[in-house]
Structures are given as structure tokens and as C-alpha cells.
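All values reported here derive from a predicted model rather than from experimental measurement. Letters A, B, ... mirror the listed sequences (proteins, then strands); counts begin at 1.
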2 protein chains.
Amino acid sequence: MGRKVTVRDKILETAATLFYNQGYVQTGINQIVAEADIAIGSLYKHFKSKNDLLYSYLEQEDIRFFTTVEEKLAQKKTPREKLMAYIDFRIDQQKTGNCTGCHFIKINAEIGRTDDEVQQLVQKHKEKQKNLIKKLVTEIQPSKNNFDAKQLTEMIFTMIEGGVVAATINGNTRSLEDIKKLADKLI
Amino acid sequence: MGRKVTVRDKILETAATLFYNQGYVQTGINQIVAEADIAIGSLYKHFKSKNDLLYSYLEQEDIRFFTTVEEKLAQKKTPREKLMAYIDFRIDQQKTGNCTGCHFIKINAEIGRTDDEVQQLVQKHKEKQKNLIKKLVTEIQPSKNNFDAKQLTEMIFTMIEGGVVAATINGNTRSLEDIKKLADKLI
DNA sequence: GTCTATATTCCGATAGAC
DNA sequence: GTCTATCGGAATATAGAC
């Protein structure tokens, strides 16, 4: 415990990287143990199952996401700048991670709605993203076009989601960058 | 061969259902054999590997998608009606399939860009979808807002993609139905 | 915390008899 | 086309010694 990197953190971080890059099902416990360079006994001491590791992974990524977003947005003044910074963050995320997509969209596609715990974690994460956009869009008080805040939220949220998926498919962020400009023009 | 349902078709159809509903990795050869009610020897006579089955599955779904779309759009007169019919088709697809999402987005999330053949099949499918939207949007000759055909294509395409992902996550098509109205208002 | 051994089950794939 | 047997490996998870 304390300030040191715990064994638990090492396991979770290794699992997160592997789950994200090669998928949950395709990642084996043995591989996590080997790459984290820990004992298998330690893994099952900290996590009761591979499924439990998955839940912790998703919870961690949700916290990491919104912590970083908060930091980025705090550096901007106007809600419009904050919205653009949010989209920039999504773009940078993809650029940094070799356009591997969104942790939650990926796990949803892989596990689907067969696991209630996973479904809830994914739904909550996406709801929080949408609420953030809604808050910023409302603060901007849009008047350029004929759409109200709720409609603009729906459009911008789904465009970003679609743009992230496109990044995963094409291996680049061109679509997301277009969407940033289009959202700016739309609102 | 001929008009009868061949063993190959039975294998492919069973594999398609299982790949779609429970994922490619999680679906075993033995399960396909059992549910298709055929011999494992027959499977490996028609498909040289599980990977080969995956390629055939994606090719089949691409053909099935655009064949159906063509039929639906042929029943409409104006490009605007055709665009709305296209979105309706995407909505109906999700409603029929318990909101399990898009075959190609799912397999992309699962396999990612690690398999070149899969990546190309997914990219081509999405490019064809986007080109169809572009064709219809261009024919509508939009003038309502300040966006040109290319921009509107990007917006509508990514909104639909995001809407399909939202359907997968939430288990309903509310977002997609909103997007249909928004696209209609936008163009 | 480390290590190894192991139980059990499943995987994709092949071979051969009918 | 059917069937069964089997190969080699990997999966999750547990147990015990240090």
C-alpha cells in the first residue's frame, strides 16, 4: 500500500492493456501473470476470478477517463472551448493508443449484454459522457441553427461515438477531426 | 447444389448466428457442428479453418446487407425518402436482432486490425455504406443549412454508426430513431 | 509474496472407418 | 456425407511447499 506500486496495480494495469489491445476472451490468465511478472497465486488473492478482474478494469478506465477530462476542461474558460477540448481529448486518446477505440464500446461488442455488471458499467460510462456534452452544449446556448440543446447533444454524442468507431476501423482519426469542426459549426 | 439448402449453407448460417450473437472467439467449432447438426468432417471439407469461415461469414453479411438495402430503396421514389428508408432499415435490423449491433463493428472490435483480411472486409463494407449515403445526400441537393453534401454525409454516417452502437449498449433503438428525425431536419 | 504441480475442461484440427 | 477417436495445446482455477 501507500505510494508504492502495489502488486494489485501491476496486475490490473497489465490486464487493462491486454484486454484493450487483444480482447478480454483472447487474453489468458497465464499471459497476464507472465507479463505482469507476478505469481498466479497473487492474482487470485487480489481478484477472485477473471470476471472480477474485468469489472475492476472497467471501473478503473471510467475513473481514469473522467479524471483526465476534468483536468483538460479545467484549463479552458468558455463552454465552447471545453467542448472542443473534450473532442480533442478523444482524438488524442485514439492517436496515443494506435486507434484501438473506446474501452467500453469494445467490451460491449465482445461481451454484449450477456453480463449484467458489464452492461451497467458500460451504460453508466456512456451516460456520463453524454451528460457532460449536454451540460456544455446547454451552457453554450446555441442559436446558430434550428436545433435545441437536447438535439445538439444527441447529434454531437453519436457523431463522436461514430467517429471513434471509424478510427478503430480505419486506423486514423480523420473522421473524428472532421467531426470536431462540424460540431463547432453546428452549435 | 441447386435450389436445395446445402450443407455448406447450413454451416455458414449457423456460424453467422453464433458469431454475431456470442462473438467469434467465444464460438467453438464443436458448437457450430452441433447446432448445424452436421459432421465436423463436413465442416472442414467446406472450410479449411475457422478463420476461413469468418471471412465467408463477413462476405455473406455484406452481400445480404446491400441486397436488402437495394430492395428497400427501390420501393421509394425521392432520394430523401430513400435516405429515410435506409435509416429505417438500420432501425429494423436492430429491432429484429435484439439490438445486437452491426456485424462489422462487432467483429472489428473483437478482432481489431490484427487480421488484414478482416480489416479490409470491414473497411470496404463501411465505405460502401458511406458512399450510398453520399449518393443520396448529393441527390437531395441540400440547402436548408450551411453544410455541403460532403459534410452532411460525414455527419449522417457517423450519427448512424453512433446510433447503432448506442442501440447495442442500451438495448433499444431510441437514439437511432432520434437520429432519423435529426438527419431529416439537417438536410 | 514466490514457485510448481495438477485437476478439469475445452480448443482447433486431423485421420480413419462406414 | 456420417461417425468416433485422438493429437497437442491452452483455458480457468486450486492446492501446497517455501
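- Side chains of D115(A) and Y55(A): a donor on one and an acceptor on the other come within 3.5 Å.
- Listed by residue number, there are no residues of residues 108-115 of chain B with a heavy-atom contact under 4.0 Å to DNA chain D.
- Listed by first and then second residue, the ring pair (Phe, Tyr, Trp, His ring centres under 6.0 Å) pairs that reach into residues 158-187 of chain A come to none, sequence neighbours excluded.
- Evaluation of the ring-ring contact (aromatic ring centres under 6.0 Å, His included) rule for F89(A) yields F65(A) as partners, not counting sequence neighbours.
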Yes or no on side chain to side chain donor-acceptor pair (under 3.5 Å) for T6(B) and D9(B), after CA distance, side-chain angles and deciding distance? CA-CA 5 Å; T6(B) 64; D9(B) 288 340; 3.2 Å; yes
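- For the pair K185(B) and F147(A), the cation-pi test (distance below 6.0 Å, angle within 45°) is passed.
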What string of B, S and - do you get for nucleotides 2-18 of chain D 5' to 3' if you count protein non-hydrogen atoms under 4.0 Å? BBB------SBBB----
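- In this view, D184(A) and R80(A), M84(A) satisfy the side chain to side chain contact (heavy atoms under 4.5 Å, CB included) rule, not counting sequence neighbours.
- F104(A) meets the ring-ring contact (aromatic ring centres under 6.0 Å, His included) test with H125(A); sequence neighbours excluded.
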